[in-house]
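So the structure is just underneath, and the comments pick up after that.
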Amino acid sequence: MSGDNPHHDSQVDSGSRNNDHKHKEKYRDKEHKQKEHKKDKEREKSKYGSSDHKDFSEKKHREKERLKHKEGSTDRHKDKHKDKRKEENIKPKKEKENGFASPPRIKSEPNNDDFYPSPKSLKRERDDDEPEVKPKKIKIQNDKVDKKGKKRKADVEDVKPKKGQKNKKGEVADGKKKAKKEPEEKWKWWEEERYTDGSKWRFLEHKGPVMAAPYEPIPGNVRFFYDGKPMKLSQDAEEVATFFAKMLEHEYTTKDIFRKNFFKDWRKEMTAEEKAKITDLKKCDFTELAEYFKAQSEARKAMTKEEKLKIKEENERLLQEYGFCVMDNHKERIANFRIEPPGLFRGRGDHPKMGMLKRRIRPEDIIINCSKDSKHPKPPPGTRWKEVRHDNKVTWLVSWTENIQGSIKYIMLNPSSRIKGEKDWQKYETARNLKKCVERLRSQYREDWKSKEMKIRQRAVALYFIDKLALRAGNEKEEGESADTVGCCSLRVEHINLYPEKDGQEFVVEFDFLGKDSIRYYNKVPVEKRVFKNLQLFMENKQPEDDLFDRLNTSILNKHLQELMDGLTAKVFRTYNASITLQQQLKELTNPDENLPAKILSYNRANRAVAILCNHQRAAPKTFEKSMQNLQAKIDAKKQQLSEAKRDVKSAKADLKVRRDEKSKRALESKKKAVERAEEQLMKLEVQATDREENKQIALGTSKLNYLDPRISVAWCKKWGIPVEKIYNKTQREKFAWAIDMADEDFEF
DNA sequence: GTTGGAACTTAGGAATCTGGAT
DNA sequence: ATCCAGATTCCTAAGTTCCAAC
């Protein structure tokens, strides 16, 4: 069943989702005091008389003021005190590998890492404690996938690098003549077995992160003024001042919260004297600093080619040295090998922490993860790592705790790596599994709309939204820690409006809320009557700021989903619906007779349908108006050309009438051709304009990268003879190499 | 069972690069 | 050769899910 999600249609072309900033005001200073409305929940409870609702104890007393910026703090600041209901009984969790039927991994011999020690000589010891090491090849479903009949080296042992390897490695690192060489043959990890024991790798070696560049004090002639008088700042205070100065242009340096947070954190960096003197941000004049940085960036732009080349080479050197690691005998690209530099935090939307100082990360903050038997990365001279550990149950190479939210940041591998690719592939397989049973689940939740139990009804309605509208799960968030955004489970009464009748449709629900990244979701959808009635019920006796689904959270929902299908979670619906929509739209929009650009346009339109479904928005490009004008000018010129061409045809006709010779006839023909050509070009330009206009605020990239099973696109390309390069750029081809290699034109999601 | 932390995916915007127009 | 717009890459915030400790 493809194209089996009829209810998307409305969404696909339903209107505008503008990110209206006014809209945000609406939520800005709201104090959500759900706590005060617990009584309402109690009321509902009794209404349904279900016994399973114990009371929701209230415990929300956040103590603000965290020691955030305490020196070297690795402490958590997440003293969360959830006020969520926890009345549900939670099922015992099942152990499983997410329904990904794939065989245990057996190491196969790579041939492409010449830069690093060739592993040939180095056998890894086989892991004897891995019973599943016998590859019984639970081959991945995809029928066609396997056509090539891989030579699975089922018997190759997992090799572990030995000393020899290390030595070689060192040598490679130093004189990296070899390192330059591209591996001619790309490693097809998808033809190999996977680990099934939960381990992520056997061997991992890397050079550690690239630390942020040290602070470079500003020259003495560049001055900071306080209260009109120049003032030399201590180095630490100065550094933080430069962060602010660099942002001076930006609107958010005018925001109260930003300024307040900044000033508070800045003062912590000041010496006692500075602190005593600098008491008012308004009296601070950063303009000379700002000009200095501006001039610097101008200078950078004006650099000669040689200078630029030099920088480029230096970057390339860093990339070669730090941008790769060896994981299980393969050289793999690292995604983010640089430590995030210090600066001022800018969250998205109305973030309560905007402007806070994002502290500089020191080696002492950093945890290194690598193989015990690898050459460990060296900390910068005179420093040490916080810890070096050897945990092969995780994929990260480096981690540190960030001081704004107290969360952990990681350095991990590039999307083209085996470890990311396998996971990505698995994600789509889970979504395809959902396809097989989605109708069953749909009937199930429709049944549940009638349940006697409130929490089941809520779960069923929420699931309906997640399925129909591709909403995110919606975890609860801690108030005051981040912008006020919601997803499905965390929707509040104020986020929807019910219209028994609107615009000629019955039972319309209007959604208006800020989702991830404070992107507005606005949509009007007709729903089934039963859903509508349920929503009315859920909203009864509630305040706008109360949870719509007060008996539900993501944990309850996902537990339920897990029971319905192995590996099923809320986000699988987004993947499934995105991919199935693409497949179906491609089927619908592709016209076999059309030429290549037209087909690509169809692809983009199908992609766009998905982006709209998933609400992937972008700010209209700054150059949008101009580029539209340019295009319009082209169109006008083409129109002009066309009308001239038509006039030519007329006169050629007249000519022919008079002369009646072959030559005139031919002339007429060629004029006619010119008209046709111009018409075609005009049409193309107009289509392009439409396309661009339609795309003004839609971001296609996110869905392409994260939600659309690449095999659908690859199959489509193969079917219509479209070079895959037209659809995926180089990076994307690297990420989706597995799909490009395995999908043939018959692939069905 | 709850809770918070850890791990990992998803996200939009800024910075940088590139190649075609001039 | 230079400029510019669009494409690509980088950056890191903001989500989801899993899991261990209580």
Side-chain angles (χ1 to χ4, degrees), chain A residues 19 54 57 59 76-82 84-93 95-96 98 198 200 250 297 300-301 305 308 311-312 315 335-341 343 345-349 351 353-354 358 369 391 393-396 399 401-402 404-410 412-415 419-420 423-424 427 472-478 481-483 485-487 489-490 515-519 553-559 561-562 567 569-572 574-575 614-619 621-624 626-627 630-631 692 697 699 701-703 705-707 729-732:
Chain A
N19 235 350
K54 304 174 213 106
S57 53
K59 30 180 120 157
R76 284 277 103 56
H77 310 299
K78 301 192 145 184
D79 44 341
K80 317 202 173 188
H81 302 278
K82 308 274 163 145
K84 270 310 194 185
R85 43 256 24 110
K86 42 255 173 123
E87 63 216 309
E88 307 300 331
N89 2 8
I90 294 153
K91 298 290 195 47
K93 151 104 212 155
E95 240 327 301
K96 85 182 45 100
N98 255 11
K200 304 292 167 55
H250 226 287
S297 89
R300 218 172 310 124
K301 268 184 236 157
K305 221 176 270 152
K308 282 182 178 165
I311 292 179
K312 208 172 162 187
N315 279 335
N336 54 323
F337 55 89
R338 292 168 203 274
I339 294 290
E340 296 174 15
F345 176 80
R346 167 59 183 169
R348 310 201 180 141
H351 199 115
K353 300 191 171 188
M354 64 169 79
K358 193 168 122 168
N369 192 35
D391 181 358
K393 298 285 193 268
V394 298
T395 68
W396 53 267
S399 76
T401 299
E402 152 273 333
I404 303 289
Q405 319 273 359
S407 64
I408 305 172
K409 301 271 197 164
Y410 303 93
M412 292 182 186
L413 298 194
N414 199 68
I419 213 160
K420 294 293 185 188
K423 200 81 185 298
D424 205 38
K427 173 181 77 186
R472 295 188 184 82
N475 286 302
E476 55 266 70
K477 301 171 76 185
E478 207 182 345
E481 293 294 295
S482 58
T485 62
V486 299
C489 293
S490 49
K516 182 177 180 180
D517 294 326
S518 292
I519 296 292
N553 61 35
T554 53
S555 160
I556 296 167
L557 180 64
N558 280 337
K559 240 153 226 150
L561 293 176
Q562 192 56 240
T569 62
K571 87 185 183 93
V572 177
R574 247 167 105 79
T575 310
C614 293
N615 200 40
H616 291 142
Q617 298 192 28
R618 61 169 183 180
K622 286 183 288 295
T623 55
F624 185 81
K626 189 164 8 142
S627 95
N630 291 159
L631 196 51
R692 193 175 298 178
Q697 284 170 287
T702 304
S703 49
L705 233 46
N706 300 301
Y707 288 104
N729 68 27
K730 179 157 161 285
T731 311
Q732 293 166 159

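To find a chain, count down the sequence lines: A is the first, B the second, and so on, and within it residues start at 1.
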Could you please name the option among [options] that lies closest to any side-chain atom of [X]?
X	options	value
A:V394	C:dT8, B:dA7, C:dT12	B:dA7
A:T731	B:dT10, C:dT9, C:dA5	C:dT9
A:R692	B:dC8, C:dG6, C:dT9	C:dG6
A:N729	C:dT9, C:dG6, B:dA7	C:dT9
A:T395	C:dA13, B:dC8, C:dT17	B:dC8
A:W396	B:dA11, B:dC8, C:dT17	B:dC8
A:Y410	B:dC8, C:dT16, B:dG12	B:dC8
A:Q405	C:dA13, C:dA14, C:dG15	C:dA14
A:H250	C:dC18, B:dT18, B:dA14	B:dA14
A:K420	C:dA14, C:dT17, B:dT9	B:dT9

What's [X] touching, base or sugar-phosphate or nothing? Going by heavy atoms closer than 4.0 Å.
X	answer
A:P415	nothing
A:K571	sugar-phosphate
A:A619	sugar-phosphate
A:G474	sugar-phosphate
A:G515	sugar-phosphate
A:R618	sugar-phosphate
A:K200	sugar-phosphate

Please compare A:S703 and A:D391 by the position of their nearest nucleotide in DNA chain B and report the one closer to 5'.
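The residue mapped nearer the 5' terminus is A:D391.
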*Of A:Y707 and A:R300, whose nearest nucleotide on DNA chain B comes first from the 5' end?*
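Upstream on the strand: A:Y707.
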Looking only at side-chain N and O atoms, does [X] come under 4.0 Å of OP1 or OP2 in [N]?
X	N	answer
A:K516	B:dT10	no
A:S627	C:dG6	yes
A:K559	B:dG1	no
A:K301	B:dC17	no
A:N475	C:dT16	yes
A:H616	B:dT10	no
A:T702	B:dT10	no

Tell me every residue that passes side chain to side chain donor-acceptor pair (under 3.5 Å) with A:R348, counting only those two or more places apart in sequence or in another chain.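 With neighbours one apart ignored, the set is A:D517.
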[N] [atom2] sits how many Å from [X] [atom1], rounded?
X	N	atom1	atom2	value
A:E340	C:dA13	CD	C1'	9 Å
A:M412	B:dT10	CE	P	13 Å
A:K423	B:dA7	NZ	P	13 Å
A:N336	C:dT9	CG	C1'	13 Å
A:K308	C:dT2	NZ	C1'	11 Å
A:R574	B:dA11	CZ	C1'	10 Å
A:E481	C:dA13	CD	C1'	14 Å
A:K409	B:dT9	NZ	C1'	14 Å

Query raised in the report: With nearest nucleotides of DNA chain C determined for A:T485 and A:I339 from heavy-atom distances, which residue corresponds to the more 5′ nucleotide?
Result: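 Nearer the 5' end of the strand: A:I339.
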| query | How do A:R472 and A:R346 order along DNA chain C: which one's closest nucleotide is nearer the 5' end? | reply |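 Between the two, 5'-proximity favours A:R346.
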Original post:
Checking A:H351 side chain against A:E481 main chain: does a donor-acceptor pair fall under 3.5 Å?
Top reply: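 Yes; at least one donor-acceptor contact below 3.5 Å.
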Under 3.5 Å donor-acceptor, A:N336 side chain and A:M412 backbone: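 Judged by distance alone, yes, a pair lies under 3.5 Å.
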Under a plain distance cut-off of 3.5 Å, with no hydrogens placed, do [Y] and [X] share a side-chain donor-acceptor pair?
X	Y	answer
A:T485	A:K477	yes
A:N558	A:T569	no
A:E402	A:S407	yes

Let's test your reading of the model: under 3.5 Å, does the base of C:dT8 pair with the side chain of A:K730 as donor and acceptor?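 No, no donor-acceptor pair under 3.5 Å.
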Exercise. Do A:P341 and A:R338 come within less than 4.5 Å of each other through their side chains, counting heavy atoms only?
Worked result: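 No, every pair of side-chain atoms sits at 4.5 Å or beyond.
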For the atom pair CD1 (A:I408) and CH2 (A:W396), what is the distance rounded to the nearest 0.5 Å?
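Reported to 0.5 Å precision, the distance equals 8.0 Å.
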